[in-house]
Amino acid sequence: MALSVLDLFSIGIGPSSSHTVGPMRAAKQFTDGLESSGQLAATVRVQAELFGSLGATGRGHGSDKAVVLGLQGQSPETVDTSTADDQVAAAALDAELRIAGHHRVDFNWDEDVVLHRRKSLPAHPNGMTFRALDHTGKVLRERSYYSIGGGFVVDGDASGSDKVVADDTVLPYPFSTADELLAICAREDMSISDVMLGNELVWRSEAELRERLLQIWAVMRECVDNGCAAEGILPGGLNVRRRAPSLFKTLAATDAGLQGSSSADPLLAMEWVNLFALAVNEENAAGGRIVTAPTNGAAGIVPAVLHYYTKFVQGADDDGVVRFLLAAAAVGILFKINASISGAEVGCQGEVGSACSMAAAGLCEVLGGTPEQVENAAEVGIEHNLGLTCDPVGGLVQIPCIERNAIASVKAINAARLALHGDGSHKVSLDKAIKTMRETGADMKIKYKETSRGGLAVNVVEC
Ligand code: SF4
């Protein structure tokens with residue numbers, strides 16, 4: 001399966017790539033299939049069932065709302081995040097859906113979107129089944145989908161036009177392990193970002209790719225700006241106050257007071273990195289516009305480290321931003337192919353751990369690291385997140401997720417800098433760390449995999 005940097009970084013909506021973005025895409029895919037098969041006109045009712053982790057924490061992650069939006073033809077990339085909640089509320093109030101944006105059917109929220117807390121579909125913890133019925137109650141079309149992390153959706157049992165087909169594009173520099181990637185770099189005398197770029201040119205021109213990646217960077221910056229400006233309490237009922245706005249004011253005032261002075265706190269950069277991550281993840285928790293990187297729960301880490309690069313590294317420029325994202329994506333692909341980026345599958349090590357590793361690699365690349373040093377940085381980035389469980393309090397992507405992104409962002413910078421002090425040789429290879437992550441995830445009890453039935457989720461009183 002060939003993966004692009006644009007598969008790892010995509011523009012979407014909060015709060016969760018697997019529980020919000022994926023279900024919205026699956027619901028839209030189902031209605032697209034209804035339309036293209038000519039079955040939409042006879043449809044009088046559509047039902048959705050969410051299973052496994054989607055059923056357990058879907059309410060907190062907005063999975064039910066995402067399904068309603070997707071059934072009405074909305075996509076994560078283009079849905080208006082400022083009116084999304086109103087669109088969902090209107091569907092509930094009017095007791096009707098506009099399937100694919102135009103075909104009216106009756107809608108009963110309690111009966112037509114069902115979340116199963118303890119039932120699962122066979123292939124993956126994030127399963128969904130959609131059903132379209134005609135006026136006699138006969139099933140016109142039924143499909144199951146799996147949201148496998150990072151907004152990726154797989155059609156579980158369909159065939160024909162709406163089946164997701166893996167991209168089997170032949171790449172000039174194929175790799176599925178870090179060892180293979182390093183061998184290509186050595187053989188071709190290329191950096192890791194060069195190898196990624198060479199592969200990307202199969203799909204699009206360098207100019208188009210650069211434009212798309214800088215657009216992603218622009219959305220990341222806008223997300224930080226929005227997070228620094230939005231005051232108040234995050235939705236969901238946990239009463240978590242946004243911290244980014246007040247921290248931003250403090251840091252901006254400190255920066256202003258330091259003009260021309262050399263007495264800055266040496267850890268001031270770390271405080272800014274904390275801010276960047278908090279801002280993104282608070283926006284994500286509020287259902288704002290977000291770049292999935294590689295998931296929404298871990299969406300703050302790559303932007304925070306990229307902001308660190310552009311704010312604190314001399315000579316930082318757009319070329320560096322592009323190379324950062326390419327190198328980070330190369331590492332993300334290794335996680336996706338060899339383990340998982342889904343908290344429901346392997347715990348938070350798959351989300352925050354993968355993002356930390358990716359950001360460490362990206363930063364090391366633009367700080368002048370050799371391919372071996374970049375691989376070392378990525379390995380340090382995941383090694384010290386191994387075993388991290390997924391235990392969101394109340395099923396919301398808030399506690400521990402928001403703060404965890406800030407801590408992992410600082411860890412990623414530390415990993416890159418540590419790797420740059422070595423020559424790239426090290427005991428634990430990135431491939432071994434990824435294998436360990438996969439095996440640790442397989443051994444992890446289900447209650448630590450985005451079900452909110454273990455860890456902090458049961459030890460913190462919701463109020
Ligand atoms: S704990 Fe980690 S994996 Fe779980 S929802 Fe939060 S960020 Fe995602």
Colleague: Can any side-chain N or O of Asp112 pair as donor or acceptor with the backbone N or O of Asn108 at less than 3.5 Å?
Modeller: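 Between the backbone of Asn108 and the side chain of Asp112 there is a qualifying donor-acceptor contact (under 3.5 Å).
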Colleague: Do you know which two heavy atoms are closest between Leu234 and Ala285, and how far apart they sit?
Modeller: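 Scanning both residues completely, I find the closest heavy atoms to be CD1-CB, 4.0 Å.
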Colleague: Do Thr43 and Gln39 meet the criterion of a side-chain donor-acceptor pair at a distance under 3.5 Å?
Modeller: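 Short answer, no.
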Colleague: Considering only heavy atoms from C-beta outward, does the side chain of Val202 approach that of Pro172 to under 4.5 Å?
Modeller: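 Counting from C-beta outward, Val202 and Pro172 do come under 4.5 Å.
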Colleague: Look at Lys28 together with Glu35 and state whether they make a salt bridge at an N to O cut-off of under 4.0 Å.
Modeller: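 Glu35 and Lys28: not salt-bridged.
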Colleague: For Ala378 and Ser357, which heavy atoms make the closest approach, and how far apart are they?
Modeller: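 Where Ala378 meets Ser357 most closely, the heavy atoms are O-OG, 2.7 Å.
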Colleague: Which pair of heavy atoms, one from Val105 and one from Val44, lies closest together, and at what distance?
Modeller: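 Closest approach of Val105 to Val44, heavy atoms only: CB-O, 3.3 Å.
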Colleague: When rounded to the nearest 0.5 angstrom, what distance separates NZ in Lys449 from OG1 in Thr57?
Modeller: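 Answer rounded to 0.5 Å: 14.0 Å.
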Colleague: Would you confirm whether Lys411, through its side chain, and Cys356, through its main-chain N or O, come within 3.5 Å as a donor-acceptor pair?
Modeller: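 Judged by distance alone, no pair lies under 3.5 Å.
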Colleague: With a 3.5 Å distance limit and no angle check, can you tell me whether Gln398 reaches the backbone of Val393 through a side-chain donor-acceptor pair?
Modeller: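 No, the answer is negative, given that no donor and acceptor are paired below the 3.5 Å cut-off.
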Colleague: Who passes side-chain contact (heavy atoms from CB on, under 4.5 Å) against Ser82, sequence neighbours left out?
Modeller: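 Applying side-chain contact (heavy atoms from CB on, under 4.5 Å) to Ser82 gives Asp80.
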Colleague: Nearest 0.5 angstrom please: Thr78 OG1 to Ile13 CD1, how far?
Modeller: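 It comes to 10.0 Å.
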Colleague: For Glu222 and Glu283, what are the C-alpha separation, side-chain angles and deciding distance, and is it a side chain to side chain contact (heavy atoms under 4.5 Å, CB included)?
Modeller: CA-CA 10 Å; Glu222 197 180 312; Glu283 273 300 283; over 6 Å; no
Colleague: Can you confirm whether more than 12 heavy atoms, excluding those of Lys65, are under 6.0 Å from its NZ atom?
Modeller: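 No, not enclosed.
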Colleague: Does any N or O in the side chain of Ser429 come within less than 3.5 Å of the main-chain N or O of Lys432, such that one atom is a donor and the other an acceptor?
Modeller: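 Answer holds: yes.
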Colleague: Can you find a pair of side-chain heavy atoms, one from Gln349 and one from Phe335, that are under 4.5 Å apart?
Modeller: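 They are not in contact (no side-chain heavy atoms under 4.5 Å apart), so the answer is no.
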Colleague: Got Thr31 and Leu40 here, is their nearest side-chain heavy-atom distance under 4.5 Å?
Modeller: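 No. Closest side-chain heavy atoms not under 4.5 Å.
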Colleague: Search all heavy atoms of Ala433 against all heavy atoms of Leu386 and return the closest pair with its distance.
Modeller: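 It is O-CD2, 3.8 Å.
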Colleague: Short question: side chain of Arg289, backbone of Val79 - any donor-acceptor pair under 3.5 Å?
Modeller: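 Such a contact is found between Arg289 side chain and Val79 backbone.
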Colleague: Keeping the roles fixed (side chain from Arg117, backbone from Gly55), state whether a donor-acceptor pair exists under 3.5 Å.
Modeller: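 No; judged by distance alone, with no hydrogens or angles, the pair does not exist.
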Colleague: Measuring from Glu231:CD to Lys249:NZ, what's the distance to the nearest 0.5 Å?
Modeller: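 Reported value, rounded in 0.5 Å steps: 4.0 Å.
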Colleague: Apply the test side chain to side chain contact (heavy atoms under 4.5 Å, CB included) to residues Phe324 and Val302: give CA-CA distance (whole Å), side-chain angles for both, the deciding distance (0.1 Å), then the verdict.
Modeller: CA-CA 9 Å; Phe324 183 118; Val302 167; 4.0 Å; yes
Colleague: After noting the C-alpha distance and the side-chain angles of Arg45 and Glu111, does the key distance pass the salt bridge (charged side-chain N to carboxylate O under 4.0 Å, His left out) rule?
Modeller: CA-CA 11 Å; Arg45 192 171 175 197; Glu111 293 176 6; 3.3 Å; yes
Colleague: Are side-chain heavy atoms of Leu6 and Arg204 found at a separation under 4.5 Å?
Modeller: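 Yes, close enough: below the 4.5 Å cut-off.
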Colleague: Hey, could you give me each pair passing ring pair (Phe, Tyr, Trp, His ring centres under 6.0 Å) that has a residue in residues 69-121? Not counting sequence neighbours.
Modeller: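 Residue pairs passing ring pair (Phe, Tyr, Trp, His ring centres under 6.0 Å), neighbours aside: Phe51-His116, Phe107-Trp109.
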Colleague: Give the intermediate values and the outcome of side chain to side chain donor-acceptor pair (under 3.5 Å) for residues Ser4 and Glu200.
Modeller: CA-CA 6 Å; Ser4 159; Glu200 293 293 327; 2.9 Å; yes
Colleague: More than 12 heavy atoms of other residues, nucleotides or ligands under 6.0 Å from CD of Glu206: is that the case?
Modeller: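 No, not enclosed.
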Colleague: With a 6.0 Å cut-off (strictly less than), is the heavy-atom count around CD of Gln47, excluding the residue itself, greater than 12?
Modeller: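 Yes - once you tally the heavy atoms of other residues, nucleotides and ligands closer than 6.0 Å, there are more than 12.
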Colleague: Of all heavy-atom pairs between Gly22 and Ser147, which one has the smallest distance, and what is that distance?
Modeller: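 Distance-wise, the nearest heavy atoms are CA-OG, 3.6 Å.
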Colleague: Under a 3.5 Å cutoff, is there a donor and acceptor pairing between the side chains of Thr136 and Asp134?
Modeller: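 Distance-only check passes for Thr136 and Asp134.
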Colleague: Mind checking whether Pro15 and Asn284 have side chains closer than 4.5 Å, heavy atoms only?
Modeller: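 They are in contact (side-chain heavy atoms under 4.5 Å apart), so the answer is yes.
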Colleague: Working note: Leu3 + Asp167, criterion side chain to side chain contact (heavy atoms under 4.5 Å, CB included); need CA distance, chi angles, decisive distance, verdict.
Modeller: CA-CA 7 Å; Leu3 287 165; Asp167 187 337; over 6 Å; no
Colleague: So Val321 and Leu213, do their side chains get closer than 4.5 Å, heavy atoms only?
Modeller: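 Side chain of Leu213 against side chain of Val321, heavy atoms only: no contact under 4.5 Å found.
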Colleague: Using 30° and 60° as the class boundaries, would you call the ring planes of Phe30 and Phe130 parallel, tilted or perpendicular?
Modeller: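 Aromatic pair Phe30/Phe130 classed parallel.
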Colleague: Counting N and O atoms only, with roles assigned by atom type, does the side chain of Asp391 sit under 3.5 Å from a partner on the main chain of Gly454, one being a donor and the other an acceptor?
Modeller: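 No.
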Colleague: With a 6.0 Å cut-off (strictly less than), is the heavy-atom count around CZ of Arg104, excluding the residue itself, greater than 12?
Modeller: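 Buried by this count: over 12 neighbours within 6.0 Å.
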Colleague: Could you tell me the separation between the CG atom of Asp179 and the CD1 atom of Ile184, rounded to the nearest 0.5 Å?
Modeller: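 So the CG of Asp179 and the CD1 of Ile184 are separated by 11.0 Å.
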Colleague: Can you name the closest pair of heavy atoms from Ser193 and Ala327 and give their distance?
Modeller: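 Reported closest heavy-atom pair: CB-N, 4.2 Å.
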Colleague: Does Ile148 reach the side chain of Asn126, with side-chain heavy atoms less than 4.5 Å apart?
Modeller: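 In short, these two side chains do not touch, never coming nearer than 4.5 Å.
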Colleague: Determine whether more than 12 heavy atoms belonging to other residues, nucleotides or ligands lie under 6.0 Å from atom CD of Glu208.
Modeller: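 Counting other residues, nucleotides and ligands, CD of Glu208 exceeds 12 neighbours.
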Colleague: Within this structure, what is the OG1-CD1 distance for the pair Thr177 and Ile337, rounded to the nearest 0.5 Å?
Modeller: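 The distance works out to 9.0 Å.
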Colleague: Is there a donor-acceptor pair closer than 3.5 Å between any side-chain N or O of His61 and the backbone N or O of Leu54?
Modeller: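 Judged by distance alone, no pair lies under 3.5 Å.
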Colleague: Within the side chain of Ser37, is there an N or O that forms a donor-acceptor pair under 3.5 Å with the backbone of Leu34?
Modeller: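 Such a contact is found between Ser37 side chain and Leu34 backbone.
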Colleague: So do the side chains of Arg98 and Glu96 get within less than 4.5 Å of each other, counting heavy atoms only?
Modeller: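 Arg98 vs Glu96: side chains touch.
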Colleague: Please report the C-alpha distance between Val331 and Ile382 in whole Å, then the side-chain angles of each, then the deciding distance to 0.1 Å, and finally whether the side chain to side chain contact (heavy atoms under 4.5 Å, CB included) criterion is met.
Modeller: CA-CA 11 Å; Val331 170; Ile382 181 58; over 6 Å; no
Colleague: Between the main-chain N or O of Gly297 and the side-chain N or O of Asn281, is there a donor-acceptor pair closer than 3.5 Å?
Modeller: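 Answer holds: yes.
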Colleague: Drop me the distance from Glu77's CD to Met24's CE, to the nearest 0.5 angstrom.
Modeller: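 If we round to the nearest 0.5 Å, Glu77:CD and Met24:CE are 9.0 Å apart.
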